[in-house]
Each structure stands twice: as structure tokens, then as C-alpha cells.
Q: 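Mind looking over this structure? Questions follow.
Computed from heavy atoms alone, side chains included, the values below leave out hydrogens, waters and symmetry copies.
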Amino acid sequence: MAKMAAATKTVAQAAPRTSTRTAALALKGLFAIGQREVAAGAQRFFKTGKNQYAAGEKFIGVNMPALRAMASDMRDAGLEVALPLLKSSWHEARALALILLVQQFKKSDEKTQALIYKLYLNNSKYINNWDLVDMSAEHIVGGYLANNPKKQKSVLTKLANSASMWERRIAIMATFHAIKRGEFKETFRITEILLADDEDLIQKPVGWMLREVGKRIGLETQESFMRRNYQAMPRTMLRYAIARFSPPKRKRYLLGLI
């Protein structure tokens with residue numbers, strides 16, 4: 001806890017503070033623009049019922065465009081604002097925190113990026129829904145590892161083997177950063193670790209990232225991997241991976257005729 005406090009203080013000092021904005025004021029602002037019907041819709045959309053993946057998740061009722069607009073207005077907020085929001089029990093507060101962290105990561109020097117990355121992983125238990133992972137992992141974890149390639153394999157392997165479904169999702173989504181740079185080896189390696197994962201919320205992003213390899217790097221590259229591994233893929237993962245293939249080719253994959 002002492003190290004965490006010291007890291008937070010360092011980053012807070014490195015970034016300019018807003019004049020009046022605090023985490024408490026930001027949360028108050030979220031409630032001021034929250035809409036009950038939006039919150040109700042989000043509770044249904046994110047499966048918040050008993051035994052569902054987001055059981056007990058609470059929503060204020062603020063949509064993503066409004067969150068991004070608020071984050072833009074708070075663009076100079078430091079970690080002394082973002083971290084308390086990340087630990088909030090309210091979904092939109094955690095989403096706002098992650099948008100702020102991504103904003104700060106992108107404009108920071110390497111030292112500050114390293115602190116944000118460490119704080120992100122140290123607080124991964126609060127990044128506990130698919131949208132929260134998807135809006136942040138590629139930028140913070142993927143971005144940091146791109147500049148620290150010697151750590152990439154060990155970090156992503158640990159995340160991919162985590163008991164936490166959300167950390168496993170962080171592992172595969174972090175590789176999106178590399179895919180956008182024309183690199184795919186880590187995506188394939190993490191996919192092999194996750195091939196037997198029985199969680200739908202892991203199978204979907206794995207298939208999605210394989211599809212992105214085909215889209216951004218080349219279908220031949222994607223298919224070289226698919227031909228070796230598609231028969232071991234859960235059906236959901238396979239369907240997501242082959243979504244951009246021609247209908248006849250999709251059918252052959254689904255029938256195991258490749």
C-alpha cells in the first residue's frame with residue numbers, strides 16, 4: 001500500500017491538476033446527467049442478474065459520448081482523480097476513470113506511462129466488465145509493452161493464465177495494439193493459451209483479434225493460424241474469427257472441411 005501511495009503521488013505531481021475538479025465532484029457530475037431509463041437499459045444489456053457475469057453491477061445512466069465529453073473537459077485531471085473513480089461501485093465512474101487514464105497515458109513520458117501501467121494492473125479487479133477492458137487494455141497494457149518488449153511475453157502469459165476472466169480478456173485485448181502496428185505473433189501465442197477457455201467473454205475477443213489480424217495484416221496470415229487450430233476452437237471463437245470470410249469458406253470451416 002505504501003508503494004501504491006508513493007506511485008500515485010508521483011504521477012499526480014507529474015500531471016497538472018485541474019483547479020476545482022475532484023473525484024467526488026466528477027461523481028456528482030455523473031449523477032447530474034444520469035438518466036434512469038439509460039441505467040435500466042444498461043443493467044439489461046450487461047447481464048446484471050443473479051449468476052450472470054455482471055451480477056450486482058450498478059449504473060448511473062450515462063452513455064459513452066457523454067462520458068468522453070466529460071473526460072475531455074477533465075483532460076488535465078491526474079491520478080488523484082482517476083484512481084478513486086476506478087474504485088467506485090458505479091460502472092460509469094470506473095469507465096470515466098479508464099478514459100482519463102488512457103488520455104493521460106497517451107500524452108505522458110515513459111516514466112509516467114510505466115506508473116500508469118503498474119497502477120492499472122494493480123487495480124485490475126476494478127476493470128471488471130468487457131467494455132472496461134476493451135476501452136483500455138490495448139492502450140495502456142499494449143502501449144506499455146510495445147515500448148518494453150522484453151516484458152511482453154511474461155506479462156501477457158501471466159494474464160492469459162489468470163483465474164480472473166477479466167485479466168484473461170486484458171491479455172488478448174492488449175495485443176490489439178500490436179496488431180495495429182502490423183505485429184501478430186503475440187496474438188497467436190495468447191490465442192493458443194486461451195483455445196480451451198470455456199468463457200464466452202473470452203472466446204469472443206479471441207475470435208475478434210484473429211479477425212483483426214486478417215483484416216489489418218492479411219487473410220493469408222490469419223488462415224495459416226486458423227488451419228492449424230480451428231478444429232480446437234470453441235464454436236463462438238471460430239464464428240467470430242471467420243466472420244469476414246466468404247460464405248462458402250465459412251461453411252467449410254464450420255463443417256471441419258478445411
Q: Could you tell me which residues satisfy side chain to side chain contact (heavy atoms under 4.5 Å, CB included) with Glu57, sequence neighbours excluded, listed by chain and number?
A: Thr48, Ala54, Phe59, His91, Arg94, Asn128, Asn129

Q: Under the rule for ring-ring contact (aromatic ring centres under 6.0 Å, His included), what residues qualify as partners of Trp166, not counting sequence neighbours?
A: none

Q: Under the salt bridge (Lys or Arg N to Asp or Glu O under 4.0 Å) rule, collect the residues that match up with Glu212, sequence neighbours excluded.
A: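 Glu212 satisfies salt bridge (Lys or Arg N to Asp or Glu O under 4.0 Å) with Arg216 once adjacent residues are dropped.
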
Q: So how far is it from Met70 CE to Leu30 CG, rounded to the nearest 0.5 Å?
A: 4.5 Å

Q: Going by the rule ring-ring contact (aromatic ring centres under 6.0 Å, His included), which residues pair with Tyr240 if we only count those two or more places apart in sequence or in a different chain?
A: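 With sequence neighbours excluded, Tyr240 shows a ring-ring contact (aromatic ring centres under 6.0 Å, His included) to no residue whatsoever.
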
Q: Does NZ in Lys47 sit with more than 12 non-hydrogen atoms of other residues, nucleotides or ligands closer than 6.0 Å?
A: no

Q: With heavy-atom distances below 4.5 Å as the criterion, would you say the side chains of Leu254 and Ile242 are in contact?
A: yes

Q: Can you name the side chain to side chain donor-acceptor pair (under 3.5 Å) partners of Glu138, sequence neighbours left out?
A: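 Result, side chain to side chain donor-acceptor pair (under 3.5 Å) vs Glu138: Lys180.
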
Q: The test is side chain to side chain contact (heavy atoms under 4.5 Å, CB included); show your working for Leu195 and Val206 and say whether it passes.
A: CA-CA 8 Å; Leu195 274 178; Val206 171; 5.9 Å; no

Q: Between atom CE of Met226 and atom CD1 of Ile258, what is the distance when rounded to the nearest 0.5 Å?
A: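 Here the interatomic distance stands at 9.0 Å.
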
Q: As an exercise, state the distance from CD1 of Ile170 to CG of Leu156, rounded to the nearest 0.5 Å.
A: 10.5 Å

Q: So does Leu67 get a backbone contact from the side chain of Glu92, meaning a donor-acceptor N/O pair under 3.5 Å?
A: no

Q: Atom CG in Leu85, atom OG1 in Thr22: separation rounded to 0.5 Å?
A: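 Nearest 0.5 Å value for the CG-OG1 distance: 8.5 Å.
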
Q: My understanding is that only residues two or more places apart in sequence, or in another chain, count here; which of them pass ring-ring contact (aromatic ring centres under 6.0 Å, His included) with Tyr120?
A: none

Q: With a 4.5 Å heavy-atom cut-off, do Pro247 and Arg250 have their side chains touching?
A: yes

Q: Please round to the nearest 0.5 Å and tell me the distance separating atom CD of Glu167 and atom OG of Ser124.
A: 3.5 Å

Q: Do you see a donor-acceptor pair shorter than 3.5 Å between the side chains of Arg169 and Ser164?
A: no

Q: Quick check with a 6.0 Å cut-off and a 45 degree axis cone: is Lys185 positioned over the face of Phe188's six-membered ring?
A: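 No cation-pi geometry.
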
Q: Run Leu101 and Ser136 through side chain to side chain contact (heavy atoms under 4.5 Å, CB included) and show every step you take.
A: CA-CA 8 Å; Leu101 289 174; Ser136 59; over 6 Å; no

Q: Please determine whether a side-chain nitrogen of the Lys or Arg among Asp76 and Lys107 lies less than 4.0 Å from a carboxylate oxygen of the Asp or Glu.
A: yes

Q: Return yes if some donor-acceptor pair links the side-chain N/O of Gln103 with the main-chain N/O of Ala71 below 3.5 Å, else return no.
A: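 Between the backbone of Ala71 and the side chain of Gln103 there is a qualifying donor-acceptor contact (under 3.5 Å).
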
Q: Go through it in stages, so that I can follow the logic: the residues are Leu238 and Gln231, the test is side chain to side chain contact (heavy atoms under 4.5 Å, CB included), and I'd like the CA-CA distance, side-chain angles, deciding distance and then a yes or no.
A: CA-CA 9 Å; Leu238 178 60; Gln231 290 184 322; over 6 Å; no

Q: How about Glu37: does its CD atom have over 12 heavy atoms from other parts shown lying under 6.0 Å from it?
A: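 Count over threshold, so yes.
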
Q: Between the side chains of Arg189 and Glu192, is the shortest nitrogen-to-carboxylate-oxygen separation below 4.0 Å, so that they form an ion pair?
A: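 So Glu192 does not pair with Arg189 through a salt bridge.
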
Q: Where do Phe245 and Leu219 land on the side chain to side chain contact (heavy atoms under 4.5 Å, CB included) test, with the steps shown first?
A: CA-CA 9 Å; Phe245 290 1; Leu219 286 175; 3.7 Å; yes

Q: For Asp131, check salt bridge (Lys or Arg N to Asp or Glu O under 4.0 Å) against everything at least two apart and list the hits.
A: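 Counting only residues at least two positions away or on another chain, Asp131 forms no salt bridge (Lys or Arg N to Asp or Glu O under 4.0 Å).
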
Q: With sequence neighbours left out, write down each residue that passes salt bridge (Lys or Arg N to Asp or Glu O under 4.0 Å) with Arg227, or none if nothing qualifies.
A: Glu223

Q: What residues form a salt bridge (Lys or Arg N to Asp or Glu O under 4.0 Å) with Arg239, not counting sequence neighbours?
A: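 Arg239: no salt bridge (Lys or Arg N to Asp or Glu O under 4.0 Å) contacts found.
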
Q: Do Ile217 and Gln222 have side chains that get closer than 4.5 Å, going by heavy atoms?
A: no

Q: Apart from Val38 itself, which Ile, Leu, Val, Met, Phe, Trp or Tyr residues share its cluster (side-chain heavy atoms under 4.5 Å, direct or through members)?
A: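 Members besides Val38: none; it forms no cluster.
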
Q: State, with a plain yes or no, whether a side-chain heavy atom of Leu86 is found less than 4.5 Å away from one of Ile127.
A: yes

Q: Within a strict 4.5 Å, meaning less than it, do heavy atoms of the Glu199 and Tyr53 side chains meet?
A: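 Result no, sub-4.5 Å side-chain heavy-atom pair not found.
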
Q: Any side-chain heavy atom of Leu132 sitting closer than 4.5 Å to one from Tyr126?
A: no

Q: Is there side-chain contact between Leu210 and Met233, with at least one heavy-atom pair below 4.5 Å?
A: yes

Q: How would you list, by chain and number, every residue that makes a side chain to side chain contact (heavy atoms under 4.5 Å, CB included) with Pro248, sequence neighbours excluded?
A: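 Here the qualifying residues are Ser246, Arg252.
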
Q: Mind checking whether Ile202 and Ile172 have side chains closer than 4.5 Å, heavy atoms only?
A: no

Q: Can you sort out the partners of Lys251 under side chain to side chain contact (heavy atoms under 4.5 Å, CB included), two or more places apart, ordered by chain and number?
A: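 Only Leu255 meet the side chain to side chain contact (heavy atoms under 4.5 Å, CB included) criterion with Lys251.
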
Q: Using the rule side-chain hydrogen bond (donor to acceptor under 3.5 Å, both in side chains), only one of His139, Lys151, Gln113 pairs with Tyr144; which is it?
A: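 The residue from His139, Lys151, Gln113 that satisfies side-chain hydrogen bond (donor to acceptor under 3.5 Å, both in side chains) with Tyr144 turns out to be Lys151.
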
Q: Nearest 0.5 angstrom please: Lys158 NZ to Leu121 CG, how far?
A: 8.5 Å

